Asks: 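Sending over a structure as structure tokens; questions will come in a sec.
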Amino acid sequence: MPERALPAPEPGSSLQAVARQALRTRTRQAPRRTAGHRGCQGGHRLGQPDPLLRPRPVTGQGSAHRRGALRPRQRAGRGSGRVHGSKPEGRRMSDDSRNEAEQRRRKLGELRRRGEAYPNTFRREDLAVDLASAYGDMSKEALAEAGVEATVAGRVMLRRVMGKASFITLEDSSGRIQCYVRRDDVGEDAYADFRNLWDLGDIAGVRGTLMKTNTGELTVHARKVGLLVKSLKPLPEKHHGLADRELRYRQRHLDLIVNEESRQVFRTRARLVTAMRRFFDERGYLEVETPMMHPIPGGAAARPFVTHHNALDTDLYLRVAPELYLKRLVVGGFERVYEINRCFRNEGLSSRHNPEFTTVEFYQAFADYVDLMDLTEELLRELLRDIVGGTTLTFEGREIDFGPAIPRRRMTNAVATETGIAEDDLMSEARLGEVARGMNIPVEPGWGWGRLLLEIFEARVEANLIAPTFITHYPVEVSPLARKNAEYPRLTDRFELFVAGREIANGFSELNDPVEQAERFARQSELKDRGDLEAMHYDNDFLGALEHGMPPTAGEGIGVDRLTMLLTDSSTIRDVVLFPQLRGTGGDES
RNA sequence: GGGUCGUUAGCUCAGUCGGUAGAGCACCGGGCUUUUAACCCGUUGGUCCUGGGUUCGAGCCCCAGACGGCCCA
């Protein structure tokens with residue numbers, strides 16, 4: 001919605017504009033259809049014959065007339081604001097003349113009167129980065145000799161007006177390119193428009209020949225210029241950019257326009273996801289999509305969001321994890337599946353937690369958790385090679401090396417090492433309770449040995465696991481879906497991967513014994529009845545699937561956001577999620 | 001949830017002891033035909049986050065709240 005009404009156009013020129021527009025639309029669209037450009041949806045379409053500046057096809061008397069009508073008006077407006085103050089247009093303009101947004105609307109109004117406000121007839125042919133790589137190394141003389149044509153378009157990021165000649169810097173999706181706009185080359189009228197109607201932040205198209213400036217910068221020497229989109233709001237300060245973190249999250253579009261580093265983060269994220277897909281596709285995993293809305297939330301210990309289906313008159317839960325559905329698929333015979341998608345957890349926000357976040361979960365029949373640790377190492381090395389081009393990355397000032405084999409340590413061993421308590425002592429529930437209380441961990445009555453161990457681990461060990469480390473053998477009590485370890489019945493064949501003190505991955509040999517799974521669910525139900533909001537539901541439907549027989553399977557989930565954080569050296573998840581959840585600012589409720 | 005820091009022009013930020021609210025960029029006017037965050041000259045622009053309170057007087061002090069950053073849980 002526009003923030004306020006646009007100034008009313010003059011009736012006469014408005015009708016002209018409409019007529020011109022209609023004519024243009026008709027004449028343009030017919031040849032375009034027959035030319036068959038529909039499938040070509042890329043950022044820049046090639047091969048439009050002389051597409052430039054269709055907004056002004058009537059170059060003869062029409063445009064001269066229009067401009068003739070405009071220029072005196074502008075002068076009268078400014079002048080009268082001060083000197084006469086009596087002409088109505090003059091008054092309006094002087095009222096607005098100090099407000100940048102109003103200035104921009106005034107300029108848009110002028111474009112609208114001419115029917116040139118938001119054209120979509122310009123076809124870019126060249127991206128900045130392509131020009132730079134093809135011609136950036138040529139000498140000034142060679143380039144002048146070659147007479148290379150270029151047609152570029154992008155947002156006006158910098159502008160240097162020197163009387164009758166100017167430089168502007170356009171930014172497109174690939175990067176920046178400078179353009180040289182000279183009155184004697186583009187014509188007096190076009191140059192006047194360029195000076196009077198263009199602002200930083202507008203989107204413009206430029207056609208001309210490539211040149212090198214005296215200082216060696218590759219530049220499009222403009223022959224034609226056109227304003228394609230009037231931006232009604234000023235850009236943030238051109239040197240410092242947009243620094244306010246809240247504004248960057250709430251107005252991500254602005255952040256992306258101004259901050260190259262921010263754009264880079266999301267490009268990296270996309271490459272990460274692409275590389276993951278390739279990794280799993282190459283290994284015969286089937287990509288699937290399972291429900292986001294669950295009748296019973298399951299697959300993780302977390303509080304769900306609740307919603308309501310009106311036609312079915314039933315509550316549904318946004319999924320906290322896709323696990324139980326992916327396992328159904330393994331039962332169904334898809335022996336390798338993966339899903340990259342969102343999960344939702346109704347918990348607090350922090351630099352590591354957004355209520356919706358992305359994971360890749362994958363399951364492989366006839367594999368165990370050790371196979372998955374091997375696979376995870378392979379995946380991480382491949383991702384690093386593709387994205388950072390090596391085996392090490394820098395995160396929060398520390399080098400993190402994924403080159404060497406990632407150590408695998410039992411949780412009890414890690415806790416013993418970190419706390420100095422003998423591993424044997426850690427096997428006693430009573431002893432663990434004392435230790436936990438000694439650490440000021442608020443121990444709750446329902447906690448058994450396993451939960452105590454996990455709490456101590458999280459309080460004392462987790463944050464110190466900077467170099468990549470697998471922690472293995474999680475307690476059964478806190479792993480209701482994982483297979484029991486054959487040797488130690490209190491433990492499971494489960495691991496989590498920690499990097500930079502953060503949990504990155506969680507995997508285990510799956511519990512595929514439906515009878516034991518039923519017992520585990522029953523135990524979770526008891527906890528839920530005692531008030532544990534994160535305990536799992538008893539999922540009879542899932543048990544029914546297990547009863548048909550799930551092959552021995554291992555499964556794992558990896559946090560895509562957290563991995564992106566590592567790869568982009570971002571210390572908060574909000575920097576790697578395009579539109580992170582923030583508290584509302586009040587809005588329309590009281 | 002607790003602690004702590006912050007919120008001033010469109011943006012980036014100053015603001016002394018409580019005494020007329022500032023700079024740079026952007027915008028507006030003027031100059032400038034190879035500039036580089038162009039430059040030079042002249043203007044304009046404020047709900048000092050909100051609401052109370054103290055005071056002759058509050059951007060500044062006190063209280064409450066909103067939003068955000070960081071730390072802790």
Side-chain angles (χ1 to χ4, degrees), chain A residues 3 74-75 77-83 93-107 140 143-144 156-171 176-188 191 194-202 208 210-222 231-251 254-255 257-259 347-353 396 439-443 455 458-459 462-463 571-575 580-587 589-590:
Chain A
E3 279 168 8
Q74 268 186 330
R75 285 204 192 100
R78 289 186 205 112
S80 67
R82 276 190 219 125
V83 185
M93 295 200 14
S94 73
D95 285 347
D96 297 343
S97 64
R98 293 310 182 214
N99 179 308
E100 181 164 1
E102 291 308 324
Q103 287 292 344
R104 287 173 179 245
R105 281 180 194 280
R106 192 203 88 221
K107 294 169 184 173
K140 184 175 164 81
L143 205 51
V156 181
M157 300 305 286
L158 294 171
R159 193 167 176 236
R160 296 175 287 281
V161 178
M162 305 159 299
K164 299 175 187 66
S166 303
F167 287 92
I168 56 172
T169 301
L170 296 186
E171 180 158 326
R176 293 185 172 195
I177 179 88
Q178 179 172 263
C179 302
Y180 181 47
V181 183
R182 206 164 59 167
R183 188 194 64 180
D184 294 349
D185 298 321
V186 301
E188 209 162 315
Y191 194 73
F194 165 79
R195 287 200 59 163
N196 296 326
L197 299 181
W198 293 33
D199 288 298
L200 290 181
D202 291 349
L210 289 181
M211 62 172 247
K212 278 265 177 90
T213 62
N214 292 337
T215 49
E217 180 162 350
L218 186 68
T219 300
V220 179
H221 188 150
S231 166
L232 293 176
K233 291 191 163 178
L235 242 32
E237 209 261 354
K238 62 187 175 190
H239 184 52
H240 299 93
L242 188 63
D244 185 306
R245 301 187 76 94
E246 184 175 357
L247 271 184
R248 289 181 50 206
Y249 301 144
R250 289 193 196 275
Q251 297 190 47
L254 256 192
D255 179 39
I257 288 172
V258 174
N259 295 324
E347 292 160 2
L349 285 66
S350 80
S351 62
R352 303 167 193 205
H353 300 90
E396 294 181 338
M439 293 174 177
N440 287 324
I441 294 171
V443 176
E455 294 285 339
E458 288 180 349
E462 192 172 318
S571 52
T572 166
I573 194 171
R574 286 191 269 266
D575 286 339
Q581 192 65 46
L582 298 177
R583 201 178 289 266
T585 46
E589 90 268 32
S590 53

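Reminder, nothing fancy here: chain letters follow the sequence lines and each chain counts from 1. It should be emphasised that the depicted structure is a prediction, and the values quoted were computed from it without experimental measurement.
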Asks: Rounding to the closest angstrom, what is the interatomic distance between G6(B) and C48(B) at atom C1'?
Replies: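 Those two atoms are separated by 14 Å.
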Asks: For a quick check of understanding: with a heavy-atom distance under 4.0 Å over all strands, which category does Arg183(A) fall into, base, sugar-phosphate or nothing?
Replies: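 Answer is base: heavy atoms of Arg183(A) come under 4.0 Å of a base.
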Asks: How about Met157(A) and Ile168(A): do any of their side-chain heavy atoms sit closer than 4.5 Å?
Replies: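 They are not in side-chain contact.
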Asks: Which one is paired to G18(B), where only Watson-Crick or G-U wobble pairs with both distances under 3.5 angstrom count?
Replies: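 Checking every strand shown, G18(B) finds no partner, since no pair has both distances under 3.5 Å.
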Asks: May I ask you to evaluate whether Lys212(A) reaches the phosphate of U35(B), defined as a side-chain N or O under 4.0 Å from OP1 or OP2?
Replies: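 For U35(B), neither OP1 nor OP2 has a side-chain N or O of Lys212(A) closer than 4.0 Å.
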Asks: With P as the reference atom in both, quote the distance from C5(B) to C61(B) in angstrom, rounded to an integer.
Replies: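 My reading of the P atoms in C5(B) and C61(B) gives 12 Å.
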Asks: Looking at Glu102(A) and Arg106(A), does any basic side-chain N land under 4.0 Å from a carboxylate oxygen?
Replies: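 Not counted as a salt bridge, because no side-chain N and carboxylate O are separated by less than 4.0 Å.
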Asks: Taking atom P of C72(B) as reference, at what distance in whole Å does atom CD of Glu462(A) sit?
Replies: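 Whole-Å distance recorded here is 13 Å.
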Asks: Given the P atoms of C60(B) and C17(B), what is the spacing between them in whole Å?
Replies: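 15 Å, rounded to whole Å.
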Asks: Can you tell me how far apart CZ (Arg183(A)) and CZ (Arg195(A)) are? Round to the nearest 0.5 Å.
Replies: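 Rounded to the nearest 0.5 Å, the CZ-CZ separation comes to 10.5 Å.
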Asks: Round to a whole Å and report the spacing from CD of Glu100(A) to P of C11(B).
Replies: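 Interatomic distance, CD of Glu100(A) to P of C11(B): 11 Å.
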Asks: Given that Phe167(A) and Leu200(A) both sit by RNA chain B, which one's nearest nucleotide is further toward the 5' end?
Replies: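 Closer to the 5' end of RNA chain B: Leu200(A).
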Asks: Under 4.0 Å, heavy atoms only, any strand: does Arg574(A) hit a base, just the sugar-phosphate, or nothing?
Replies: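 Sugar-phosphate, no base atom in range.
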Asks: So what does His240(A) touch, heavy atoms closer than 4.0 Å: a base, only the sugar-phosphate, or nothing?
Replies: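 Sugar-phosphate: the residue His240(A), judged by heavy atoms under 4.0 Å, touches backbone atoms but no base.
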Asks: Report the distance from atom CZ of Arg245(A) to atom P of C13(B), rounded to the nearest whole Å.
Replies: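 Rounded to whole Å, this separation is 12 Å.
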Asks: Can you identify which nucleotide, out of U34(B), U33(B), A26(B), has its nearest atom closest to the Lys164(A) side chain?
Replies: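 Shortest atom-to-atom distance from the side chain points to U33(B).
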Asks: How far does the C1' atom of G46(B) sit from the matching atom of U55(B), given to the nearest Å?
Replies: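 Pairwise C1' distance, G46(B) against U55(B), rounds to 24 Å.
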Asks: Paired with G42(B): which nucleotide, if any, by Watson-Crick or G-U wobble criteria at under 3.5 Å for both distances?
Replies: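 Paired with G42(B), as far as the under-3.5 Å criterion goes, is C28(B).
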Asks: When the P atoms of A37(B) and G42(B) are considered, how many whole Å apart are they?
Replies: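 Looking at atom P only, A37(B) and G42(B) are 23 Å apart.
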Asks: Using atom CZ of Arg159(A) as one end and atom P of A37(B) as the other, report the distance to the nearest whole Å.
Replies: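 Whole-Å distance recorded here is 17 Å.
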Asks: Would you indicate, yes or no, if G68(B) has its OP1 or OP2 atom less than 4.0 angstrom from a side-chain nitrogen or oxygen of Arg583(A)?
Replies: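 For G68(B), OP1/OP2 do have a side-chain N/O of Arg583(A) under 4.0 Å.
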Asks: Provide, to the nearest angstrom, the distance between the CD atom belonging to Glu237(A) and the P atom belonging to C13(B).
Replies: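 In whole Å, C13(B) P and Glu237(A) CD are 9 Å from each other.
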Asks: Can you find a side chain N or O atom of Arg160(A) that sits less than 4.0 Å from OP1 or OP2 on U35(B)?
Replies: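 No, because none of the side-chain N or O atoms of Arg160(A) sits under 4.0 Å from OP1 or OP2 of U35(B).
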Asks: Closest approach to the side chain of Asp184(A), judged atom by atom: which nucleotide of U33(B), G68(B), U34(B) is it?
Replies: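 The closest nucleotide is U33(B).
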Asks: Going by heavy atoms in the side chains, are Thr213(A) and Glu217(A) under 4.5 Å from each other?
Replies: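 Touching, per the 4.5 Å side-chain cut-off.
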Asks: How many angstroms lie between atom SG of Cys179(A) and atom CG of Leu170(A), to the nearest 0.5 angstrom?
Replies: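 Cys179(A) atom SG to Leu170(A) atom CG measures 4.0 Å (nearest 0.5 Å).
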Asks: Output yes when at least one side-chain N/O atom of Arg250(A) is less than 4.0 Å from OP1 or OP2 of G68(B), else no.
Replies: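 For G68(B), OP1/OP2 do have a side-chain N/O of Arg250(A) under 4.0 Å.
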Asks: Rounded off to whole Å, could you give me the CG-to-P distance for the Leu254(A) and C11(B) pair?
Replies: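 That distance rounds to 9 Å.
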Asks: Which whole-number value in Å describes the distance from Leu242(A) CG to A26(B) P?
Replies: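 Going from CG in Leu242(A) over to P in A26(B) covers 17 Å.
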Asks: With a non-hydrogen cut-off below 4.0 angstrom, is Asp244(A) in contact with a base, only sugar-phosphate, or nothing?
Replies: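 The answer is sugar-phosphate, as Asp244(A) gets under 4.0 Å only of primed atoms, P, OP1 or OP2.
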Asks: Determine which nucleotide pairs with C70(B), using a 3.5 Å limit on both distances of a Watson-Crick or G-U wobble pair.
Replies: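 Partner of C70(B): G3(B).
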Asks: Between C39(B) and C27(B), how many Å separate the two P atoms, rounded to a whole number?
Replies: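 So the two P atoms sit 12 Å from each other.
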Asks: Name the nucleic acid region contacted by Arg195(A), choosing base, sugar-phosphate or nothing; use a 4.0 angstrom heavy-atom cut-off, strictly under.
Replies: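 If one applies the 4.0 Å heavy-atom cut-off, Arg195(A) turns out to touch a base.
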Asks: If you compare every side-chain N and O of Lys107(A) against the phosphate oxygens of C28(B) (OP1, OP2), does one of them come in below 4.0 Å?
Replies: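 The answer is yes; a side-chain N or O of Lys107(A) sits under 4.0 Å from OP1 or OP2.
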Asks: Suppose you measure atom C1' in U50(B) against the same atom in G59(B); what distance do you get, rounded to whole Å?
Replies: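 The answer is 14 Å between these two C1' atoms.
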Asks: Nearest 0.5 Å, what's the CD1-OG1 distance between Ile177(A) and Thr169(A)?
Replies: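 Result: 9.0 Å between the selected atoms.
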Asks: Could you check whether the side chain of Gln178(A) and the base of U35(B) have a donor-acceptor pair of N or O atoms closer than 3.5 Å, going by distance alone?
Replies: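 Indeed, a donor on one side and an acceptor on the other fall under 3.5 Å apart.
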Asks: Rounded to the nearest Å, what distance is computed from the CG atom of residue Asn214(A) to the P atom of nucleotide A38(B)?
Replies: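 Atom CG in Asn214(A) sits about 18 Å away from atom P in A38(B).
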Asks: Both Thr572(A) and Ala243(A) contact RNA chain B. Which one's nearest nucleotide lies toward the 5' end?
Replies: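 Nearest nucleotide further toward 5': that of Ala243(A).
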Asks: Base, sugar-phosphate, or nothing for Val161(A), non-hydrogen atoms under 4.0 angstrom?
Replies: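 Touches a base.
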Asks: Do Asn196(A) and Lys107(A) meet the criterion of a side-chain donor-acceptor pair at a distance under 3.5 Å?
Replies: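 Not at all, the side chains of Asn196(A) and Lys107(A) share no donor-acceptor pair under 3.5 Å.
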Asks: Would you say C11(B) has OP1 or OP2 under 4.0 Å from some side-chain N or O of Lys238(A)?
Replies: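 So the side chain of Lys238(A) is outside the cut-off, no N or O lying under 4.0 Å from OP1 or OP2 of C11(B).
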Asks: Looking across every strand, which nucleic acid part, if any, lies under 4.0 Å from Gly348(A) by heavy atom: base, sugar-phosphate, or nothing?
Replies: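 The answer is nothing, as Gly348(A) stays clear of every strand by at least 4.0 Å.
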Asks: Does the side chain of Asp185(A) come under 3.5 Å of the side chain of Tyr191(A) through a donor N or O and an acceptor N or O?
Replies: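 No donor-acceptor contact under 3.5 Å links the two side chains.
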Asks: Any strand is fair game: report the nucleotide pairing with G51(B) by Watson-Crick or G-U wobble, both distances under 3.5 Å, or none.
Replies: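 WC or wobble partner is C63(B).
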Asks: Distance check, P atoms only: G19(B) and G29(B), in whole angstrom units.
Replies: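 Taking atom P in both G19(B) and G29(B), they lie 38 Å apart.
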